[in-house]
Asks: 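The structure is given below, and queries will be raised subsequently.
The shown structure was predicted, so the numbers you read here are calculated from the model rather than taken from an experiment.
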Amino acid sequence: MKKFLVSFHLFFFSVGIAVAMSTDVILKNEVTVEKSNIEIGDLADISSPEIAGLVLDSAPDHGSTVTWNASEISKRLRPFQSALKDYHFKIPKFIRIVRGDSSFNEKLLKEKISSMLLGTLPGPGWEVNLKEIQKVQPPELSATSRWKVVPFTQRPRGPAQFEIVIEDQGKSLNHIWINGSVEYFAKVGVLQRSVPARYKINQTDVVWEKKNMTFISEIPVSEGDFASAVTKMSLISGTILTKNHFERELALKFGEEVEVKAGSDEFSVTTRAIAQQNGYIGDSVRVRSVSNQKTLTGILVAKGLVQVNY
C-alpha cells in the first residue's frame with residue numbers, strides 16, 4: 001500500500017503542487033452510493049461541496065458492486081489535479097463501491113424500518129421485532145429515484161405508523177404512510193426475591209433474562225449500577241429492575257471517621273480524618289485531619305476512603 005501512496009504523492013509534486021501544505025484525505029475501503037454517479041464525496045469525508053461533488057464515474061447498476069484498485073483510483077483523480085491541488089489523498093489498495101438497492105419490496109422495507117428503530121433504543125443489546133407491517137403497492141421508481149424511512153425522535157410502542165419518502169435528485173416526490181406494529185426485547189436484570197427499601201442489591205439477588213420491553217419506558221439497570229446504589233422502595237420477586245428503582249447510596253455521613261490517602265499506588269501517605277459533610281461516591285468532600293485539625297478537600301472514592309492531592 002505504501003508504494004501507491006508514494007506514487008500518487010509524487011505525481012502531484014511533479015505538477016508543481018506543494019504537498020507539504022496539503023490536506024490529508026483518507027479514502028474509504030468500502031462505500032455505498034445511492035445515486036447514479038460516484039463522487040469524490042462518496043469516497044471520503046470532504047467539507048468542500050465543490051470538491052465533494054466532483055464526479056469520478058457512473059455508479060454501477062442497483063444492487064451491483066465495482067472494485068477500484070489503487071492505480072484505477074489515481075487515474076480517476078488525475079483529471080481534477082488542479083482542483084485538488086490542496087489535497088493529498090491516502091489511497092488504499094482497493095475500494096469496493098456498492099450501489100444501494102433502490103427497489104421497493106417488503107423485505108427491504110422491514111430491514112430499513114428495523115434499522116431506523118434500532119437508533120431509538122437505549123442500548124446496543126436491544127432487539128426490534130416488526131410484528132406486523134401493512135402491505136402496500138410498490139411505487140414506481142426511476143433510475144435516479146430512491147426512497148427512505150423517515151426516522152423517529154423516540155421509539156414507538158406497539159402500533160406505529162411509518163413515513164416513507166420518495167426522492168429524486170434531492171427533491172421529495174411522494175410520501176407514503178405505512179401502518180405496523182413493533183415490539184422490543186432486551187436482556188435485563190430480574191429480581192429473584194423480594195427486598196426491602198434501602199437494600200443494596202448483589203449479584204445473587206438477580207438473574208439476567210431476555211424480556212419484552214415494549215411498554216417499559218424506564219431504562220434497565222446494568223451490573224455496574226449496583227455498586228453505589230440502594231433500592232428506593234420495597235420490590236417484589238420478578239421485578240424487572242430499572243434505574244428509577246434505585247438511588248445513590250450515602251457513602252459518608254457528617255462526623256464519621258475516614259481514611260485520607262494522598263499519592264499513587266507506587267507511593268502514598270494515609271492519615272485519619274473526620275467528615276465535615278455527607279457525601280456520595282465521586283463527590284468532592286471536606287474532612288478535618290485528626291492529627292493537625294486542618295481541613296482538607298478530596299474525592300470520596302469508596303466508603304470510608306477520601307483521595308486528596310498533595
Asks: Could you tell me whether Asp45 and Lys28 have a side-chain N and a carboxylate O separated by less than 4.0 Å?
Replies: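 Looking at Asp45 and Lys28, the cut-off is met.
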Asks: Run the side-chain contact (heavy atoms from CB on, under 4.5 Å) test on Asn29 and Arg96 for me, step by step, so that the C-alpha distance in whole Å, both residues' side-chain angles and the decisive distance to 0.1 Å come before the verdict.
Replies: CA-CA 6 Å; Asn29 290 102; Arg96 184 171 178 266; over 6 Å; no
Asks: With sequence neighbours excluded, what pairs up with Lys232 under the salt bridge (Lys or Arg N to Asp or Glu O under 4.0 Å) test?
Replies: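 Per chain and number, Lys232 pairs via salt bridge (Lys or Arg N to Asp or Glu O under 4.0 Å) with no residue.
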Asks: Are Val206 and Phe246 connected in a single hydrophobic cluster, I mean Ile/Leu/Val/Met/Phe/Trp/Tyr linked by side-chain heavy atoms less than 4.5 Å apart?
Replies: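 Yes, Phe246 connects to Val206 through the hydrophobic network.
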Asks: With the side chain counted from C-beta on, respond yes when Thr23 and Ile46 share a heavy-atom pair under 4.5 Å apart, and no when they do not.
Replies: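 Answer no - side chains too far apart.
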Asks: Flag the pair Val66 / Asp57 as yes when at least one side-chain heavy-atom distance between them is below 4.5 Å, and no otherwise.
Replies: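 SC-SC contact between Val66 and Asp57 ruled out.
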Asks: Minimum heavy-atom separation for Trp147 to Leu109, with atom names?
Replies: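 The pair with the smallest heavy-atom distance is CH2-CA, 3.8 Å.
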Asks: For the CD atom of Gln161 and the CG atom of Asn179, what is their distance to the nearest 0.5 Å?
Replies: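 Gln161 CD to Asn179 CG: 5.0 Å, rounded to 0.5 Å.
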Asks: Are there over 12 heavy-atom neighbours, none belonging to Lys261, within less than 6.0 Å of that residue's NZ?
Replies: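 Yes, enclosed.
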Asks: Are any side-chain N or O atoms of Thr231 and backbone N or O atoms of Arg198, one a donor and one an acceptor, separated by less than 3.5 Å?
Replies: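 It does hold such a pair.
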Asks: Would you say the side-chain atoms of Ser194 pair up with the backbone N or O of Ser237, donor to acceptor, closer than 3.5 Å?
Replies: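 Present.
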Asks: Val149 versus Ile164: any side-chain heavy-atom pair under 4.5 Å?
Replies: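 With C-beta onward as the side chain, the pair touches.
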Asks: Under 4.5 Å between any side-chain heavy atoms of Glu72 and Asn69, yes or no?
Replies: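 In contact.
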Asks: For the CZ atom on Phe185, are there more than 12 heavy atoms of other groups (residues, nucleotides or ligands in this structure) within a distance under 6.0 Å?
Replies: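 Enclosed.
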Asks: Would you say the side-chain atoms of Asn105 pair up with the backbone N or O of Lys107, donor to acceptor, closer than 3.5 Å?
Replies: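 Flag set: sc Asn105 to bb Lys107 pair under 3.5 Å.
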Asks: Let me have the donor-acceptor pairs involving side chains of residues 215-226, under 3.5 Å, with sequence neighbours excluded, atom names and distances please.
Replies:
from, atom 1, to, atom 2, distance (Å)
Ser222, OG, Asp225, OD2, 3.3
Asp225, OD1, Lys243, NZ, 3.2
Asp225, OD2, Ser222, N, 2.8
Asp225, OD2, Lys243, NZ, 2.7

Asks: For the CD1 atom on Ile26, are there more than 12 heavy atoms of other groups (residues, nucleotides or ligands in this structure) within a distance under 6.0 Å?
Replies: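 Open.
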Asks: Got a donor-acceptor contact below 3.5 angstrom from the Arg155 side chain to the Leu117 backbone?
Replies: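 Flag not set: sc Arg155 to bb Leu117 has no pair under 3.5 Å.
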Asks: Output, in order, the C-alpha distance, side-chain angles, deciding distance and verdict of side-chain contact (heavy atoms from CB on, under 4.5 Å) for Leu191 and Ile236.
Replies: CA-CA 7 Å; Leu191 200 57; Ile236 62 172; over 6 Å; no
Asks: Is there a side-chain contact (heavy atoms from CB on, under 4.5 Å) between Ile274 and Val290? Walk through the geometry before answering.
Replies: CA-CA 7 Å; Ile274 304 299; Val290 172; 4.2 Å; yes
Asks: Taking Gln192 for its side chain and Thr204 for its backbone only, find out whether a donor-acceptor pair lies under 3.5 Å.
Replies: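 Side chain of Gln192 to backbone of Thr204: a pair is present.
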Asks: Please tell me if the side chains of Phe89 and Ile73 come closer than 4.5 Å, counting only heavy atoms from C-beta onward.
Replies: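 Of all side-chain heavy-atom pairs linking Ile73 with Phe89, none is under 4.5 Å.
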Asks: Backbone N or O of Glu167 within a donor-acceptor pair of the Arg146 side chain at under 3.5 Å?
Replies: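 Side chain of Arg146 to backbone of Glu167, a donor-acceptor pair under 3.5 Å: no, none is there.
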Asks: Does Ser284 reach the main-chain N or O of Ile299 with its side chain, forming a donor-acceptor pair under 3.5 Å?
Replies: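 Such a contact is absent between Ser284 side chain and Ile299 backbone.
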Asks: Same cluster or not: Leu43 versus Ile51, using hydrophobic residues (I, L, V, M, F, W, Y) connected whenever any side-chain heavy atoms lie under 4.5 Å apart?
Replies: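 In one cluster: yes.
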Asks: For Leu130 and Ser114, which heavy atoms make the closest approach, and how far apart are they?
Replies: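 Between these two residues, the closest heavy atoms are CD1-OG, 3.7 Å.
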Asks: Given the rule that I, L, V, M, F, W and Y join up when any side-chain heavy atoms are under 4.5 Å apart, are Val25 and Phe80 in one cluster?
Replies: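 Result: yes, single cluster for both.
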Asks: Would one find more than 12 heavy atoms of other residues, nucleotides or ligands at under 6.0 Å from atom NZ of Lys131?
Replies: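 Result for NZ/Lys131: open.
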Asks: Given 3.5 Å as the limit, does a donor-acceptor pair link the side chain of Gln276 with the main chain of Gly255, or not?
Replies: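 It does not hold such a pair.
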Asks: For Val260, does its backbone N or O pair with a side-chain atom of Thr271 as donor and acceptor, under 3.5 Å?
Replies: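 Side chain of Thr271 to backbone of Val260: no pair is present.
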Asks: Atom CD1 in Ile166, atom OG in Ser172: separation rounded to 0.5 Å?
Replies: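 That separation rounds to 9.5 Å.
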Asks: Evaluate the side-chain proximity of Gln154 to Thr120: yes if any heavy-atom separation is below 4.5 Å, no if none is.
Replies: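 No, every pair of side-chain atoms sits at 4.5 Å or beyond.
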Asks: Do Val306 and Leu296 belong to the same hydrophobic cluster, where Ile, Leu, Val, Met, Phe, Trp and Tyr are linked whenever their side-chain heavy atoms lie under 4.5 Å apart, directly or via other members?
Replies: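 Val306 clusters together with Leu296.
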Asks: Kindly give the heavy-atom pair with the smallest separation between Ala83 and Leu54, and that separation in Å.
Replies: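 Minimum heavy-atom separation between Ala83 and Leu54: CB-CD1, 4.3 Å.
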Asks: Once you round to the nearest 0.5 Å, how far does CD of Glu259 lie from CZ of Arg272?
Replies: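 So the gap between those two atoms works out to 5.5 Å.
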Asks: Are Leu84 and Ile40 packed together at the side-chain level, in the sense that at least one heavy-atom pair is separated by less than 4.5 angstrom?
Replies: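 Yes, their side chains come closer than 4.5 Å.
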Asks: According to a 4.5 Å side-chain heavy-atom criterion applied to Ile, Leu, Val, Met, Phe, Trp and Tyr, with indirect links allowed, do Leu108 and Val136 form part of one hydrophobic cluster?
Replies: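 Hydrophobic grouping puts Leu108 with Val136.
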Asks: Can a donor-acceptor pair be found, under 3.5 Å and without considering hydrogens, that links the side chain of Asn37 to the backbone of Glu39?
Replies: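 Not confirmed, Asn37 side chain does not pair with Glu39 backbone.
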Asks: Would Trp68 and Ile38 count as a side-chain contact (heavy atoms from CB on, under 4.5 Å) if you check the C-alpha gap in whole Å, the side-chain angles of each, and the deciding distance to 0.1 Å?
Replies: CA-CA 12 Å; Trp68 292 349; Ile38 302 171; 3.8 Å; yes
Asks: What distance do Lys112 atom NZ and Phe104 atom CZ have between them, rounded to the nearest 0.5 Å?
Replies: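 That separation rounds to 9.0 Å.
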Asks: Applying ring pair (Phe, Tyr, Trp, His ring centres under 6.0 Å), can you list everything that pairs with Phe162, at least two apart in sequence or on another chain?
Replies: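 For Phe162, the residues satisfying ring pair (Phe, Tyr, Trp, His ring centres under 6.0 Å) (neighbours in sequence not counted) are Phe152.
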Asks: Tell me the closest heavy-atom pair linking Asp42 and Val31, and the distance in Å.
Replies: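 Closest approach of Asp42 to Val31, heavy atoms only: O-CG1, 3.1 Å.
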Asks: So how far is it from Glu127 CD to Glu183 CD, rounded to the nearest 0.5 Å?
Replies: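 With rounding to 0.5 Å, CD (Glu127) is 10.5 Å from CD (Glu183).
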Asks: Which distance, rounded to the nearest 0.5 Å, do you find between the CG of Leu241 and the CG of Leu235?
Replies: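 If I round to the nearest 0.5 Å, the distance is 6.5 Å.
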Asks: Tell me the closest heavy-atom pair linking Leu27 and Ala44, and the distance in Å.
Replies: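 Closest approach of Leu27 to Ala44, heavy atoms only: CD2-CB, 3.6 Å.
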Asks: With a 4.5 Å heavy-atom cut-off, do Tyr184 and Asn212 have their side chains touching?
Replies: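 Side chain of Tyr184 against side chain of Asn212, heavy atoms only: no contact under 4.5 Å found.
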Asks: Between Ala59 and Val33, which heavy-atom pair has the shortest distance, and what is it?
Replies: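 Scanning both residues completely, I find the closest heavy atoms to be CB-CG2, 4.0 Å.
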